[in-house]
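Heads up, the thing below is written out as structure tokens.
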Amino acid sequence: TLQKGKWPFHDVSCQLYGFIDLVVFSGSTWILCIAAMERYFKFMIQVDHPSTFSVKNLNMIVVGIFVLIILVATGPLYGLGEYSYYRGHLKVSLTYYPIGANMTTDANLFPKWYSYLLRNEIDKRIIPNPTFMFRKTFEEQLQIKVVQPKQTETGFEMFFRCPSISAAEELWNNYTMGSLGEVFKSMLWYPELSQELNVENVEIQTHIDQKEFRNYVDIFLAFQGMGICSTDWTSKNVHALVWSVYQTIITTVVPFLLELILYSIISCKNPYNIAAVDKTIRADDIRALRFYRGASVMYFLLTFAYFTMDIGNLNGVYIHPTVIFLTSLVYFTSSVSILIGCLVVEFEPFTRIMNVVRDCWQVSRGKFSRECAEISIKKSTLHKMKERTFRDQKAYL
């Protein structure tokens, strides 16, 4: 069954979906930008329009744009970013504590010494690296992703990424009951390494900050609850944020900025005035301008809403799950903006609605006037008939 907030397919399909989604959406944005350029040449530089936007040139431009987008979108394949449905991280730290006789009362000496011995034995390949065991154990048993585990002077530190809110709550219960430390102990305690330390056993104490846990569940897992693979702005990959920023600039910011500039220039010149002077511009050209401009506005509004929510989530801002769901829905189905633009331009719904209302009003008003006229005629005719009947009766008498 599909769990809320969990990608139901393999990680390879997640990477493929994130890649295709970025290519398709970015391609649509750049296609609208190319349309804005074409309309600009049509209305402002009519002489160069036929040669610049010939079929051959236009195909070359579109292919070149998609090649650029594909090169940018393949960044995660080189470790420059990450496509993931996970959002946020939960920090978990471990500390060793000896049980039994010890040669010193210094509370920090044993953790440092044991960490030193453990690190040396790992380097000598005498014992397995526990970081691999962390990943295998938690991902197989609890479906929890372990990120950047590293050894410290007193133990280990790592970040957890839970697949769902229920998995995070289960992790928290194991932590509060103390069983989480036992799981780590099975991977970190080697009695043969501690004989020189004169200790009977070791206790592994774990620490998870409660406030950080609640923020992780309420903010990041709520966003993750959509279960959609996309660019992960919260990734711990050292290059993830840089790649996310520059790919967003190339695939989203630049085309929208160009569209804004081009359409603003055309609007300032007033396309209807241009069409009145240049007889080569027909009504279809103005309708196409309105179509692409309307689609660009819809695209921009949907993209702006989603990225505002995404950046807010990156900075730990709480967003209601309903808002997350609706915003994500309209963003990932933003191709309907083309349809909306078509409806606005081709069918002019608001104008048609007003025309229908006006026609209904005129029809009803005309019908009311005719009914009033008919009533008036009937009253006048009835009055004349009564007068005639009265005079006839008087003459007869």
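Counting begins at 1 with the first residue of the sequence. As the structure is a computational prediction, the values presented were derived from the model and not from experiment.
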So, S230 and R87: side-chain donor and acceptor under 3.5 Å apart, yes or no? yes

Does the side chain of [X] reach to within under 4.5 Å of the side chain of [Y], using non-hydrogen atoms?
X    : Y    : answer
Q151 : L188 : no
F160 : V146 : yes
I281 : P271 : no
E169 : L221 : no
V254 : I249 : yes
T95  : H207 : no
T280 : H49  : no
Y114 : T154 : no

Run D285 and R39 through side chain to side chain contact (heavy atoms under 4.5 Å, CB included) and show every step you take. CA-CA 8 Å; D285 295 319; R39 291 293 86 188; 3.5 Å; yes

Could you give me the CA-CA distance, side-chain angles and deciding distance for I31 and V62, then say whether side chain to side chain contact (heavy atoms under 4.5 Å, CB included) is met? CA-CA 7 Å; I31 290 297; V62 172; 4.0 Å; yes

Distance from [X] atom [atom1] to [Y] atom [atom2], nearest 0.5 Å?
X    : Y    : atom1 : atom2 : value
D21  : L16  : CG    : CG    : 11.0 Å
D209 : R214 : CG    : CZ    : 12.0 Å
S186 : M133 : OG    : CE    : 6.5 Å
M37  : C33  : CE    : SG    : 3.5 Å
L262 : I266 : CG    : CD1   : 6.5 Å
S179 : K185 : OG    : NZ    : 13.5 Å

Would you kindly check if the NZ (Lys) or CZ (Arg) of K269 is within the cone defined by 45 degrees around the ring axis of F43 and under 6.0 Å from the six-membered ring centre? no

Do [X] and [Y] belong together in a cluster built from hydrophobic side chains that touch within less than 4.5 Å?
X    : Y    : result
V323 : W233 : yes
I65  : V24  : yes
L68  : I70  : yes
F213 : M177 : no
V92  : V217 : yes

Looking at [Y], is its backbone amide N or carbonyl O close enough to the side chain of [X] to form a donor-acceptor pair, meaning the two atoms are under 3.5 Å apart?
X    : Y    : answer
Q148 : K236 : yes
R161 : G88  : yes
N59  : V55  : yes
Y216 : C162 : yes
N57  : S51  : yes

Where is the tightest heavy-atom contact between [X] and [Y], given as atom of each residue plus distance?
X    : Y    : answer
A36  : E259 : CB-CG, 4.1 Å
P149 : M158 : CA-CB, 3.7 Å
I144 : E139 : O-CG, 3.2 Å
I250 : P255 : O-CD, 3.6 Å
L32  : Y263 : O-OH, 4.4 Å
Q46  : K42  : CG-O, 2.9 Å

Might you confirm whether atom CZ of R119 has over 12 heavy atoms from other residues, nucleotides or ligands at distances under 6.0 Å? yes

Please determine whether the number of non-hydrogen atoms from other residues, nucleotides or ligands lying under 6.0 Å from atom NZ of K91 exceeds 12. no

Within the 6.0 Å centroid threshold, strictly below: F134 and F156: yes

Establish, yes or no, whether a centroid distance under 6.0 Å links the rings of Y83 and W243. yes

Dump the intermediate steps for ring pair (Phe, Tyr, Trp, His ring centres under 6.0 Å) on F25 and Y299, then the final yes or no. CA-CA 10 Å; F25 181 83; Y299 239 51; 5.4 Å; yes

Can you check side chain to side chain contact (heavy atoms under 4.5 Å, CB included) on T234 and Q224, steps first, answer last? CA-CA 11 Å; T234 64; Q224 182 180 312; over 6 Å; no

Determine, step by step, whether F220 and Y86 satisfy the ring pair (Phe, Tyr, Trp, His ring centres under 6.0 Å) criterion, reporting the C-alpha distance in whole Å, the side-chain angles of both residues, the deciding distance to 0.1 Å, and the verdict. CA-CA 8 Å; F220 294 103; Y86 288 101; over 10 Å; no

Sequence-distant partners of N120, side-chain contact (heavy atoms from CB on, under 4.5 Å), two or more places apart: Y116

Just to verify, which of F304, W30, F300, F307 counts as forming a ring-ring contact (aromatic ring centres under 6.0 Å, His included) with F256? F300

Of V183, L94, N174, which meets side-chain contact (heavy atoms from CB on, under 4.5 Å) against T206? L94

Run the side chain to side chain contact (heavy atoms under 4.5 Å, CB included) check on N215 and Y318 step by step: do they pass? CA-CA 8 Å; N215 289 337; Y318 174 76; over 6 Å; no

Quick test of your reading of the model: are E82 and K145 salt-bridged, counting only N-O distances below 4.0 Å? yes

